[in-house]
Student: 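After the structure tokens below, expect a handful of questions from me.
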Amino acid sequence: MDQNSRIEEAEQTAGPAQDLGRPQRVTLRRITSLDQDEFLERVHASTDLFGPRMPLPATPEAFQAFLGRFDEGQSADGLLICLRDTDVIVGNVNINSIIRGRFQSASLGYAAFEPYAGRGYMSEGLGLVLRHAFEELRLHRLEAQIQPDNQASIKLVQRLGFRNEGYSPDLLFIDGAWRGHERWAVTNDMAGLVPDAPHPTLPAH
């Protein structure tokens, strides 16, 4: 079974997303070169929604460079949240900076796209991302760095069980300045998504 098939299987038992009390409306799959035109269309339509917080590619050349960052979960994974019925792209999620060994951790970046923001699709999709990250990639921890004024994003991770681990001033360089972020994190134990066996790079002791 290929990796995209395994990601799509996760929708059937979607972990934290089940807490939303509605049938699963979205699927999760890896981004590919075939998504270029639709992805760029969504980015251009959504510039006012996420602005400089989530700098996504806006040209074909930038999109191809963006794709080159991802290696199917070895160091980074690029994922799309799509409507189940139509496969229309409604959101983007990147699992960045995957570190193995004793850390088994990664950082999340995500964005909803217009006109689909505010309908709960990202909550459902991120529930699938947690299952993929913890059961397929066998990570132990996911982190999200969020600017304090981004209340929509904070409420999103709260719904999925992330905990606030503090504030870091001047954490990320965004829109021409170093900006402080709240640090939110969730572990596989907290999400109830512990894999059957740890990743082979985790030391025995």
Side-chain angles (χ1 to χ4, degrees), residues 1-19 26-33 35 54-57 63-82 91-111 122-146 153 156-168 171-173 181-205:
M1 182 182 295
D2 63 35
Q3 288 294 320
N4 265 351
S5 296
R6 277 186 287 205
I7 292 173
E8 290 165 0
E9 273 192 353
E11 74 196 51
Q12 299 170 15
T13 53
Q18 292 175 330
D19 296 338
V26 300
T27 61
L28 185 71
R29 62 178 176 82
R30 286 199 168 102
I31 191 170
T32 75
S33 59
D35 296 307
M54 185 68 171
L56 291 171
F63 180 84
Q64 292 303 317
F66 179 70
L67 273 187
R69 295 173 42 199
F70 305 121
D71 51 13
E72 298 192 350
Q74 299 303 306
S75 62
D77 215 352
L79 304 167
L80 296 175
I81 299 170
C82 303
N92 162 255
V93 182
N94 303 326
I95 302 177
N96 300 310
S97 306
I98 296 173
I99 301 175
R100 295 296 186 178
R102 297 186 184 280
F103 201 33
Q104 300 295 330
S105 182
S107 178
L108 280 183
Y110 50 86
M122 289 302 292
S123 293
E124 294 182 26
L126 280 176
L128 298 177
V129 170
L130 295 192
R131 183 169 292 281
H132 170 61
F134 292 144
E135 294 189 342
E136 295 294 334
L137 301 184
R138 290 187 279 178
L139 292 167
H140 173 252
R141 173 185 171 90
L142 289 173
E143 301 180 4
Q145 292 83 35
I146 305 173
S153 187
L156 174 60
V157 296
Q158 285 177 325
R159 285 196 295 272
L160 290 163
F162 284 62
R163 66 188 172 203
N164 189 331
E165 296 190 338
Y167 175 81
S168 292
L171 181 66
L172 296 174
F173 190 77
H181 287 67
E182 293 184 13
R183 303 187 317 278
W184 292 80
V186 64
T187 66
N188 56 13
D189 296 296
M190 291 166 60
L193 296 170
V194 179
D196 293 334
H199 194 269
T201 61
L202 183 72
H205 302 287

Student: Which atom names give the shortest non-hydrogen contact between Phe103 and Glu143, and what distance separates them?
Tutor: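 Between these two residues, the closest heavy atoms are CZ-OE2, 4.0 Å.
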Student: Answer yes or no: is there a side-chain heavy-atom contact under 4.5 Å between Ile81 and Leu28?
Tutor: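 Sidechains of Leu28 and Ile81: in contact.
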Student: How far apart are the closest heavy atoms of Arg29 and Asp35, and which atoms are they?
Tutor: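 Where Arg29 meets Asp35 most closely, the heavy atoms are NH2-OD1, 2.8 Å.
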Student: Counting only N and O atoms by type, is there a donor-acceptor contact under 3.5 Å from the side chain of Arg138 to the main-chain atoms of Pro198?
Tutor: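 Here the side-chain-to-backbone pair exists.
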Student: So if I apply the side-chain contact (heavy atoms from CB on, under 4.5 Å) rule between Phe134 and each of Asp189, Leu142, Val194, Thr187, which one comes out positive?
Tutor: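 The option that passes is Leu142.
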Student: Taking all atoms of both residues into account, what is the closest heavy-atom pair of Asn96 and Arg69, and its distance?
Tutor: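 In this case the closest contact between Asn96 and Arg69 is OD1-NH2, 2.7 Å.
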Student: Do Leu160 and Trp184 make a side-chain contact, defined as non-hydrogen atoms from C-beta onward lying under 4.5 Å apart?
Tutor: no
Student: Find out whether Tyr110 and Leu156 are in side-chain contact, i.e. whether some heavy atom of one side chain is under 4.5 Å from a heavy atom of the other.
Tutor: yes
Student: Measure the shortest side-chain to side-chain distance between Thr201 and Gln104 over non-hydrogen atoms and say whether it is less than 4.5 angstrom.
Tutor: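 Touching, per the 4.5 Å side-chain cut-off.
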Student: Does any non-hydrogen side-chain atom of Leu79 lie less than 4.5 Å from one of Arg30?
Tutor: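 Of all side-chain heavy-atom pairs linking Leu79 with Arg30, at least one is under 4.5 Å.
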Student: Is any side-chain heavy atom of Ile95 closer than 4.5 Å to a side-chain heavy atom of Leu108?
Tutor: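 Of all side-chain heavy-atom pairs linking Leu108 with Ile95, at least one is under 4.5 Å.
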Student: Taking Arg141 for its side chain and Ser105 for its backbone only, find out whether a donor-acceptor pair lies under 3.5 Å.
Tutor: no
Student: Locate the shortest heavy-atom distance separating Ala76 from Ile98; write the atom from each residue and the value.
Tutor: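 Looking at all heavy atoms of both residues, the shortest contact is N-CD1, 3.8 Å.
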Student: Testing Arg183, Glu182, Gln145 one by one against Ser168 for a side-chain hydrogen bond (donor to acceptor under 3.5 Å, both in side chains), which residue passes?
Tutor: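 The passing option is Arg183.
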Student: Ignoring hydrogens, what is the shortest heavy-atom contact between Ile31 and Leu67? Give both atom names and the distance.
Tutor: CG2-CD2, 3.7 Å
Student: For His132 and Asp77, work out which heavy atoms get closest and say how close.
Tutor: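 Shortest heavy-atom separation between His132 and Asp77 comes out as NE2-OD2, 2.9 Å.
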Student: Holding to salt bridge (charged side-chain N to carboxylate O under 4.0 Å, His left out), I want the full list of residues that pass it with Arg100, two or more places apart in sequence or in another chain.
Tutor: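 None.
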Student: Under the ring-ring contact (aromatic ring centres under 6.0 Å, His included) rule, collect the residues that match up with Phe63, sequence neighbours excluded.
Tutor: Phe39
